[in-house]
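Have a look at the structure below before the remarks.
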Amino acid sequence: MRCPCGLGETYENCCAPLHRGESAAPTAERLMRSRFSAFAVGDEAYLLASWHPDTRPAAIGLDPGQRWTRLEVLATTGGSPFHTSGTVEFRAHYRDAAGAGTLHEDSEFTRVDGRWVYRGPRRVARGA
């Protein structure tokens, strides 16, 4: 199975090791891609673990009727192995009972104890 993150690898060789805690995302973009894959495969535990403790919700409540289908990374700032913060702007495509839709978000990422975590959206928009 191809990895949902869009990097072209198989899931087992791409995001699965991050989801299992066997490795850490080296960049903010890589963490964002692994989070998209976690939404696609329904890994709520990984989503919560990779969320900043100050902004993390108690639960996510993934919609089993929503299927995440494609990811487009539009822009990044910072977020390299040498940075402590960064942003990733992306468009995530999905299908649900209402049909096709998109989530367009400009997200903030930071490091906590040396690991990249999702801080939250700077801007977010949904569309059809």
Side-chain angles (χ1 to χ4, degrees):
M1 165 177 133
R2 285 262 184 240
C3 192
C5 81
L7 290 178
E9 294 287 330
T10 64
Y11 174 71
E12 280 303 312
N13 289 330
C14 193
C15 287
L18 280 72
H19 293 171
R20 291 189 300 256
E22 296 168 1
S23 61
T27 65
E29 179 183 340
R30 190 69 184 87
L31 179 68
M32 191 280 311
R33 287 180 178 280
S34 72
R35 287 177 54 81
F36 175 84
S37 289
F39 274 103
V41 300
D43 190 342
E44 184 172 352
Y46 179 78
L47 292 166
L48 291 170
S50 61
W51 210 308
H52 194 285
D54 292 345
T55 58
R56 178 188 309 135
I60 298 171
L62 297 174
D63 179 355
Q66 189 171 48
R67 196 175 107 236
W68 295 93
T69 58
R70 186 168 56 94
L71 175 67
E72 295 174 84
V73 173
L74 305 173
T76 63
T77 60
S80 81
F82 306 105
H83 291 104
T84 57
S85 64
T87 66
V88 180
E89 182 182 4
F90 65 90
R91 188 173 296 119
H93 300 263
Y94 63 88
R95 293 192 75 65
D96 60 16
T102 61
L103 171 69
H104 182 180
E105 184 172 314
D106 188 3
S107 302
E108 292 184 45
F109 295 85
T110 191
R111 288 184 187 265
V112 171
D113 297 329
R115 296 176 78 93
W116 285 107
V117 292
Y118 171 72
R119 185 137 182 86
R122 294 182 337 152
R123 286 187 318 272
V124 64
R126 287 194 179 267

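What you see is a predicted model; the values in this text were computed from it and never measured. We use all heavy atoms of the structure for the numbers below, so side chains are in, but hydrogens, waters and symmetry mates are not.
A salt bridge is absent between E108 and R119; no separation between the charged side-chain nitrogens and carboxylate oxygens falls under 4.0 Å. Comment: E12 does not engage R2 in a salt bridge, judged by the lack of any side-chain N to carboxylate O separation of less than 4.0 angstrom.
A donor-acceptor contact under 3.5 angstrom links the side chains of T77 and T87, judged on distance only. Of the N and O atoms on the side chains of S34 and Y46, at least one donor lies less than 3.5 Å from an acceptor on the other residue.
A cation-pi arrangement is present between R35 and Y118, with the terminal nitrogen or guanidinium carbon under 6.0 Å from the aromatic centre and inside a 45° cone about the axis.
Under a 3.5 Å cut-off, the side chain of T102 and the backbone N or O of H104 do not form any donor-acceptor pair. Between the side chain of R111 and the backbone N or O of H83, at least one donor-acceptor pair lies under 3.5 Å. For E44 (side chain) and I60 (main-chain N/O), a donor-acceptor pair under 3.5 Å exists by modelled atom type. With R67 contributing its side chain and R95 its backbone, the two residues share no donor-acceptor pair below 3.5 Å. Although no hydrogens or angles enter the test, the distance criterion places a donor-acceptor pair under 3.5 Å between the side chain of H52 and the main chain of D54.
Not less than 6.0 angstrom separates the ring centroid of F109 from the ring centroid of W116.
The side-chain heavy atoms of M1 and T10, taken from C-beta on, include no pair separated by under 4.5 Å.
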